[in-house]
Enquirer: 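Quick one: the structure is below, and I'll ask about it shortly.
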Amino acid sequence: MVSRQSVTIPFGSFLQLLHHPSPSLLQAQQAHAGLLKSGHLPADAHLATKLLSLYADHLRFPDASLLLHSITDPDPFLFSTLISAFTRSRLFSAALSLLSRMLALGLTLDPFVLPTAFKACAGLLSLPHGRQLHSLSLVTGHSSDPFVQSSLVHMYLKCRAMVDAHRVFDRMTQRSVVSWSALIAAYASRGNVVEAMKLFGLMRGSGVEPNSVTWNGLIAGFSHSGHSHKSATLFQRMHAEGFIPDRPSVSSTLPVVGDIEDVAFGGQIHGYVIKVGLESDSCVVSALIDMYGKCRRTEEMVRIFDEVGMMEVGSCNALVAGLSRNGLVNNALQAFREFQGQGIDLNVVSWTSIVACCAQNGKDMEALELFREMQFVGVEPNLVTIPCVLPACANIATLMHGKSAHCFSLRKGFSEDVYVASALVDMYAKCGRIRDARTIFDAMPSRNVVSWNAMMGGYAMHGKAKDVMELFNLMQASPQKPDFITFTCVLSACSQAGLTEEGERHFYKMHQEHGIVARMEHYACMVSLLGRAGKLEEAYDLIRGMPSEPDACVWGALLGSCRVHGNVRLGEIAAEKLFELEPGNAGNYVLLSNIYAAKGMWDGVDKVRDIMKSMGVRKNPGCSWIEIKNKVHMMLAGDKSHPQMNQIADRLEKLSVEMKRLGYLPSTDFVLQDVEEQDKEQILCGHSEKLAIALGLINTSRGTPLRVIKNLRICGDCHVAIKFISSFERREIFVRDTNRFHHFKDGVCSCGDYW
DNA sequence: GTAGGGTTAG
């Protein structure tokens, strides 16, 4: 049997191991053990340093730290090595704590460690640490070192301390291409095209030749700040001026090519990628997949993925996003599950993509389940995941999940992020918590147009037209410019509140003062606004004067107004268009029936029912017929001796039997069985958007408020909705129909007119 | 052992 002693390797062999071009971790560990045993460690600083860098190269940071701590008299070089290794591995906090330990031991800083330390501060976005180290560099006399200066400029830029960055830059005697590039990239990424290009010119004027990093800084900066055309042009200019576009140039340019959907240019870059042999670079491949996905070339996208992308998480993510973007939701889900099955290490981007894919394509429950699953498998949601999942909570009005995402954001410090907070405002508003939405809105440190729109849309949805207009005035006093969605909220609010003239004024100002071209939803709001005021002919004239073919929203608004005012002629015109545009939408048939029913035109009601039957339309019509029945009841309630009473009763009886035969859901018995007679009328007075969404009667919340209003009018069944909502343990809900409000509290429902 | 530029999710 061989004793342990007999396998001892002589000291020379350890040195050989250590000086091997790339020693394995095992070799390093063997050498470590042997050197300790032979007494060369921890005393020999040179050997310790060599070993320490080996551990760092193998990312064995605990081993490296232990070794460092075991050395009685470590030299600064040893610390520098490890600090640098930590920083390279983005372990910035560890790097800085090692630096403070080094200082505590009274070791002197050499000029090599400072740039790394500034990089760590930049990585942590820690301005206080950065400033401290800046002072230290002044004290130690290293502040004029060019490496120190440019890393200092970079640190201040990353920490968004532009004034400090400029102060350091302006005082530099020798401005290197590195510091110029850092400054130029910072302006480009802030979207300041003029200043970035001015500095680029000044740099060349001062005799410093730009390199590919300078060009790439401009290209990537403009790409991130949304200046897609500028970014693409710079790529071409770089090439034309004889610079060789490299991996970062290509990776930064392809996404903007996708944004501007210039597939011809994208194809040229693709050709260039193949020519220079970049087609196996993971970032380039992901960017190519992304570009073809954005340009709706899904076949080409999948082909590239199949050829090169399979096992790399970035290209997998790009593929899922590309499929999702092109509406291929099931393919995206299938691809995602396949990647999971293949053991690909899916990251937070992968999970966020698939959650977003579901939430954006009407698969709200799936989005929530995936959100739970990602946490179950140990992937923590980030700042982007939260605004992706919140719309799913909002769409199905699940306050519980929305609140939990809110709590998560608070714990993680995400709740002040403008995207997160805007999504929270939207979620609370859509879940009926308009006051909570406003509280979050008021607390936001910064707001963008999405934030304003979410709050105004929330008020519009709750029928709070006055609040919409107040907020719009506040917005106009703020630096934030309104967009087309803002005007949809404003016009919708004016329509709801009967502010006819004000609405008309905003409609014209939208185009004249803000240069926003009216879209379908704006016309629909205007039709509704005029229709509400009884100006049905004017509304019809507006429709006929539209520059493009009116869509179902516009005709729906007219039909709805015709029902309110009992205008059979225009109602028939609008309904005829709607039957063409939305042959399967039961609500349109019901609206026309209601117009006829209100006038006692029973032949018309029969005619519509026959059309509906011949079209095979069955979605939720049962409740709509009940609505007609009850309207008739209400009409005749005051006059029991009405000559048509018996005739109508027969008719209702037949309808009811027919409904049951056709299997319409939900049945009269079901919806009304628990309702007191005196409450029936109240319950039937309106429906809420929230309730409708909860029932799946409206499949999206991204439609315009007006579209929703139209749907509300037609959607059908608030009785079942109330039951559904009750099961959600909701205490109180405030909802509105076209011209009435609906207050539901502790199982009791009350209604009233707005004005 | 030192500084600047890259893809995919809102």
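In what follows, chains carry the letters A, B, and so on, assigned in the order in which the sequence lines appear, proteins first and then strands, with residues in each chain numbered from 1. Values below: all heavy atoms of this structure, side chains included; hydrogens, waters and symmetry mates excluded.
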Enquirer: Under 6.0 Å between the ring centres of A/Tyr292 and A/His270?
Expert: yes
Enquirer: A/Ser252 side chain to A/Ser249 main-chain N or O, any donor-acceptor pair under 3.5 Å?
Expert: no
Enquirer: With a 4.0 angstrom cut-off to heavy atoms of chain A, pull out the first and last contacting nucleotide of DNA chain B, in 5'-to-3' order.
Expert: B/dG1 to B/dG10
Enquirer: In plain terms, say whether A/Glu241 and A/Arg204 are close enough for a salt bridge, that is, a side-chain N and a carboxylate O under 4.0 Å apart.
Expert: yes
Enquirer: Under 4.0 Å, heavy atoms only, any strand: does A/Lys158 hit a base, just the sugar-phosphate, or nothing?
Expert: sugar-phosphate
Enquirer: If you take the centroid of each ring, where Trp contributes its six-membered ring, are A/Phe265 and A/Tyr272 closer together than 6.0 Å?
Expert: no
Enquirer: Heavy atoms, side chains only, cut-off 4.5 Å: are A/Met102 and A/Pro76 in contact?
Expert: yes
Enquirer: So, the side chain of A/Ser89 versus the backbone of A/Phe86: is there a donor-acceptor pair under 3.5 Å, distance only?
Expert: no
Enquirer: How would you label the contact of A/Pro255 with the nucleic acid (heavy atoms, under 4.0 Å): base, sugar-phosphate, or nothing?
Expert: sugar-phosphate
Enquirer: Which of parallel (below 30°), tilted (30 to 60°) and perpendicular (above 60°) describes A/Phe169 and A/His166?
Expert: perpendicular
Enquirer: So is A/Arg101 actually on top of A/Phe79's ring, under 6.0 Å and inside 45° of the axis?
Expert: no
Enquirer: Would you indicate what A/His142 reaches in the nucleic acid, counting non-hydrogen atoms under 4.0 angstrom: base, sugar-phosphate, or nothing?
Expert: nothing
Enquirer: Describe the nucleic acid contact of A/Ser350 in one word from base, sugar-phosphate, nothing, applying a heavy-atom distance below 4.0 Å.
Expert: nothing
Enquirer: Can you measure from CD1 (A/Ile354) to OG (A/Ser324) and round to the nearest 0.5 angstrom?
Expert: 7.0 Å
Enquirer: Which part of the nucleic acid, if any, lies within reach of A/Arg325 when heavy atoms closer than 4.0 Å are counted: base, sugar-phosphate only, or nothing?
Expert: sugar-phosphate
Enquirer: Identify whether any heavy atom of A/Asp417 sits under 4.0 Å from a base atom; if not, whether one sits that close to sugar-phosphate; answer base, sugar-phosphate or nothing.
Expert: base
Enquirer: Considering every strand and a 4.0 Å limit on heavy-atom distances, what is the contact class for A/Ser151: base, sugar-phosphate, or nothing?
Expert: sugar-phosphate
Enquirer: Name the nucleic acid region contacted by A/Ser150, choosing base, sugar-phosphate or nothing; use a 4.0 angstrom heavy-atom cut-off, strictly under.
Expert: base
Enquirer: Enumerate the residues from residues 241-253 of chain A whose closest heavy atom to DNA chain B is under 4.0 Å, giving them by residue number; use none for an empty result.
Expert: A/Asp246, A/Arg247, A/Pro248, A/Ser251, A/Ser252
Enquirer: Just to be sure I understand the geometry, which residues of residues 374-384 of chain A put a non-hydrogen atom under 4.0 Å away from DNA chain B?
Expert: A/Asn382, A/Leu383, A/Val384
Enquirer: Is the distance between the ring centroids of A/Phe441 and A/Trp452 under 6.0 Å?
Expert: yes
Enquirer: Contact class for A/Val284 (heavy atom, under 4.0 Å): base, sugar-phosphate, or nothing?
Expert: base
Enquirer: Centre-to-centre under 6.0 Å for A/Tyr428 and A/His406, is that the case here?
Expert: yes
